[in-house]
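Numbering of ligands and ligand atoms starts at 1, following listing order. Positions are given from 1, in the same order as the sequence printed here. Nothing here was measured: the structure is a model prediction, and the numbers come from that model. Only this structure's heavy atoms are used, side chains among them; waters, hydrogens and symmetry mates stay out.
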Amino acid sequence: MSDNAQPVLDLPGTGLELRPWRLADADALVAAGRDPAISHWNLLPEQTPDQARARVERMHERWAAETGAIWAIARVGGGEVVGLTGWIGVDLGGGSAEIVYWVLPAGRGGGVAVQAARRLTRWALDDLGLHRVTLCHSVSNPASCRVAEKAGFTLEGTMRGALLHADGRHDQHLHARVRGDD
Ligand SMILES: CC(C)(COP(=O)(O)OP(=O)(O)OC[C@H]1O[C@@H](n2cnc3c(N)ncnc32)[C@H](O)[C@@H]1OP(=O)(O)O)[C@@H](O)C(=O)NCCC(=O)NCCS
């Protein structure tokens, strides 16, 4: 992974692409931290522009350390950021990782998250060579459950009290896609 630059991945027909985050994208992270839904479901705190730039730097450090791979969902040609998607908990030896995503309010409802998750899954299984990728969300977040279903992540079960959100502990759905799934 770290032998190569993080690739730009196409999202045909959307006018969007997945590209590495840049320091100049910090305002989008600041906006995400102010969005109540992203802040709540993605546990993203409010942050200053300096803190957002530090977060972008940590994304690149994780790529270099081969523990994470986070992309901006952005207008093609290096344009405006509409969301984030990527892999956390990358385990190259074990062949697994967990997908994360959010979309800023103006970009929601048009299939962006589903297309981004499908594209990133193809990259993880076919290009990176992982065997099993997971997707976890609170059972109280039906939009994320729909993204999981439409992106081909099978529901495997419910992890009780698995995540602490601002309003208390939430049960989480565990979805996964394994190499060879249709
Ligand atoms: C969840 C989120 C990423 C979805 O992004 P999006 O680009 O709007 O998603 P898509 O348009 O690809 O698809 C969303 C699907 O969920 C459905 N959906 C949206 N809100 C829903 C709700 N409250 N209940 C049930 N389904 C819902 C949509 O109708 C769509 O399904 P459809 O195409 O069959 O109609 C976005 O809403 C978001 O960022 N939310 C806040 C943060 C968050 O929840 N992050 C995920 C943490 S696990």
For [atom], what's the nearest protein heavy atom and its distance?
atom	answer
atom 17 (C) of ligand 1	Arg146 CG, 3.7 Å
atom 48 (S) of ligand 1	Ser144 OG, 3.2 Å
atom 46 (C) of ligand 1	Tyr101 O, 3.5 Å
atom 14 (C) of ligand 1	Val147 CG2, 4.0 Å
atom 44 (O) of ligand 1	Asn141 ND2, 2.9 Å
atom 21 (C) of ligand 1	Ala143 CB, 3.6 Å

Of the non-hydrogen atoms in [X] and [Y], which two are nearest, and what is the gap between them?
X	Y	result
Ala26	Ala52	O-CB, 3.6 Å
Gln115	Pro12	OE1-O, 4.2 Å
Ser39	Gly33	CB-O, 3.8 Å
Arg179	Leu130	NH2-O, 3.1 Å
His60	Pro20	CE1-CB, 3.9 Å
Val103	Ile38	O-CD1, 3.8 Å

Only one of Leu84, Val147, Leu120 clears side-chain contact (heavy atoms from CB on, under 4.5 Å) with Tyr101; which? Val147
Specify whether the nearest protein heavy atom to [atom] is under 4.0 angstrom away.
atom	value
atom 28 (C) of ligand 1	no
atom 11 (O) of ligand 1	yes
atom 2 (C) of ligand 1	no

If we only count N/O pairs under 3.5 Å, is Val114 in contact with ligand 1? yes
If you measure every N/O of Gly111 against every N/O of ligand 1, is any gap under 3.5 Å?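 Looking only at distances, the answer is yes, because the N/O contact criterion of under 3.5 Å is met.
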Close-contact set for ligand 1 against [X] heavy atoms, below 4.0 Å:
X	value
Gly110	11 (O)
His137	48 (S)
Trp102	39 (O)

same_hphob_cluster(Val90, Trp123) at 4.5 Å side-chain heavy-atom cutoff: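 Linked within one cluster.
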Are Ile73 and Trp63 in one and the same hydrophobic cluster, where Ile, Leu, Val, Met, Phe, Trp and Tyr link if side-chain heavy atoms are under 4.5 Å apart?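 Result: yes, single cluster for both.
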What part of [X] sits under 4.0 Å from ligand 1 if we count only heavy atoms: the side chain, the backbone, both or neither?
X	result
His40	neither
Cys136	backbone
Arg108	both
Asp35	neither

As a quick check of understanding, evaluate side chain to side chain contact (heavy atoms under 4.5 Å, CB included) for Leu135 and Arg177, giving each step before the final call. CA-CA 8 Å; Leu135 187 164; Arg177 193 172 168 100; over 6 Å; no
Kindly identify the option in [options] whose heavy atom sits closest to [atom].
atom	options	result
atom 5 (O) of ligand 1	Pro105, Gly109, Ala32, Ala113	Ala113
atom 47 (C) of ligand 1	Val103, Asn42, Leu84	Asn42
atom 22 (C) of ligand 1	Ala116, Ser140, Pro142	Pro142

Ignoring hydrogens and geometry, is there a side-chain-to-backbone donor-acceptor pair from Thr85 to Val100 under 3.5 Å? yes
Please determine whether any non-hydrogen atom of Lys150 lies less than 4.0 Å from an atom of ligand 1.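 Lys150: in contact with ligand 1 (<4.0 Å).
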Between Glu149 and Arg146, is there a salt bridge with N-O shorter than 4.0 Å?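 Yes, Arg146 and Glu149 are salt-bridged.
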Take Arg119 and Asp10 through the side chain to side chain contact (heavy atoms under 4.5 Å, CB included) test and state the conclusion after the steps. CA-CA 8 Å; Arg119 181 68 186 90; Asp10 62 340; 3.0 Å; yes
